[in-house]
Amino acid sequence: MADTKLTKEFTLLNKYGMHVRPAGLFSKLASGFDSKIEVEKDGNIVSGKSIMALMTLEATCGSVLKVTAEGEDAEEALQALEDLVLRKFDIPDEQ
């Protein structure tokens with residue numbers, strides 16, 4: 001199967017945006033996939049597998065992130081990451 005490159009936009013819905021806990025959860029989930037995962041906000045592109053890089057985006061609630069996955073499991077990666085964002089990272093105090 002050939003590598004696939006897919007891009008999707010996610011809107012952060014959790015109260016405090018991409019701080020350390022969501023960044024950790026996002027990067028841990030992204031790291032479980034073989035695909036290269038990049039996250040873009042306001043023209044800044046970082047690795048979706050790096051907690052520190054994600055935090056440099058300074059993404060607050062309502063920010064739109066453009067997430068690109070490239071690899072054989074790109075579709076599954078984007079779906080899993082979108083589900084995590086839609087669940088507000090499963091952080092109870094940010095619902």
Side-chain angles (χ1 to χ4, degrees):
M1 183 178 198
D3 280 358
T4 303
K5 184 174 183 176
L6 300 170
T7 300
K8 201 163 191 181
E9 289 189 347
F10 304 156
T11 300
L12 291 180
L13 304 171
N14 61 308
K15 193 180 210 177
Y16 302 111
M18 189 65 78
H19 60 85
V20 70
R21 285 189 296 172
L25 293 166
F26 190 101
S27 64
K28 182 177 180 179
L29 182 59
S31 294
F33 293 95
D34 292 329
S35 291
K36 177 181 178 182
I37 298 172
E38 293 182 328
V39 181
E40 178 179 356
K41 179 185 171 279
D42 299 333
N44 297 318
I45 301 172
V46 300
S47 170
K49 297 181 179 186
S50 167
I51 296 170
M52 293 305 291
L54 288 166
M55 289 176 52
T56 66
L57 294 175
E58 298 180 4
T60 58
C61 181
S63 293
V64 176
L65 304 178
K66 186 168 138 182
V67 181
T68 301
E70 183 174 7
E72 289 188 13
D73 57 1
E75 189 172 347
E76 294 85 358
L78 280 182
Q79 185 60 57
L81 292 166
E82 180 178 37
D83 290 346
L84 180 66
V85 171
L86 289 174
R87 292 191 321 263
K88 299 180 184 179
F89 300 92
D90 297 322
I91 301 173
D93 59 338
E94 295 199 36
Q95 303 295 321

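With Ser50 contributing its side chain and Ser47 its backbone, the two residues share no donor-acceptor pair below 3.5 Å. Between the Asn14 side chain and the Gly17 main chain, a donor and an acceptor come within less than 3.5 Å of each other.
Of the inter-residue distances, the one linking Ile51 atom CD1 with Thr56 atom OG1 reads 12.5 Å to the nearest 0.5 angstrom. From Ile91, atom CD1 reaches atom NZ of Lys15 across 12.0 Å, with rounding to the nearest 0.5 Å. Once rounded to the nearest 0.5 Å, the distance linking CG of Asp83 with CG of Leu86 reads 6.5 Å. One distance of note links CG of Asp42 with OG of Ser63; it measures 7.0 Å at 0.5 Å rounding. Distance check, rounded to the nearest 0.5 Å: CE of Met18 to OG of Ser27 gives 9.0 Å. Rounded to the nearest 0.5 angstrom, Leu78 CG and Phe10 CZ are separated by 5.0 Å.
Taking 4.5 Å as the limit, every side-chain heavy atom of Ile45 sits out of range of all side-chain heavy atoms of Val39. In this structure, Ser35 and Glu72 have side chains that are not in contact, with every pair of non-hydrogen atoms separated by 4.5 Å or more. Inter-residue side-chain proximity for Val85 and Leu12 is flagged as met; some heavy-atom pair is nearer than 4.5 Å. Arg21 is listed as a side-chain neighbour of Glu94, based on a closest heavy-atom distance under 4.5 Å. Two residues are said to be in side-chain contact when any heavy atoms from C-beta on lie closer than 4.5 Å; Gln79 and Leu84 fail this criterion.
The nearest pair of heavy atoms linking Lys88 to Leu13 is CE-O, 3.8 Å. Residues Asp73 and Asp34 share a closest heavy-atom pair of OD2-N, 2.9 Å. The two residues Val64 and Glu9 have their closest heavy-atom pair at CG1-OE1, 3.8 Å. Scanning both residues, Met55 and Ala23, for their nearest heavy atoms gives CG-CB, 3.7 Å. Here the closest heavy-atom approach between residue Ala80 and residue Phe33 is recorded as CB-CZ, 3.8 Å. Between Ala77 and Ala69, the closest heavy-atom pair is CB-CB, 4.4 Å.
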Inset, instruction - Test side-chain hydrogen bond (donor to acceptor under 3.5 Å, both in side chains) on Asn44 and Glu40 and set out the steps. - result: CA-CA 5 Å; Asn44 297 318; Glu40 178 179 356; over 6 Å; no
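Checked against Thr68 for a side chain to side chain contact (heavy atoms under 4.5 Å, CB included), the options Thr7, Ile37, Leu6 give a single hit: Thr7.
By the criterion of side-chain heavy atoms lying less than 4.5 angstrom apart, applied directly or through intervening Ile, Leu, Val, Met, Phe, Trp or Tyr residues, Tyr16 is not grouped with Leu25; the two fall into different hydrophobic clusters.
Heavy-atom contacts from other residues, nucleotides or ligands closer than 6.0 Å to CD of Glu82 number more than 12.
For His19 and Glu58, the side-chain atoms include no donor-acceptor pair closer than 3.5 Å.
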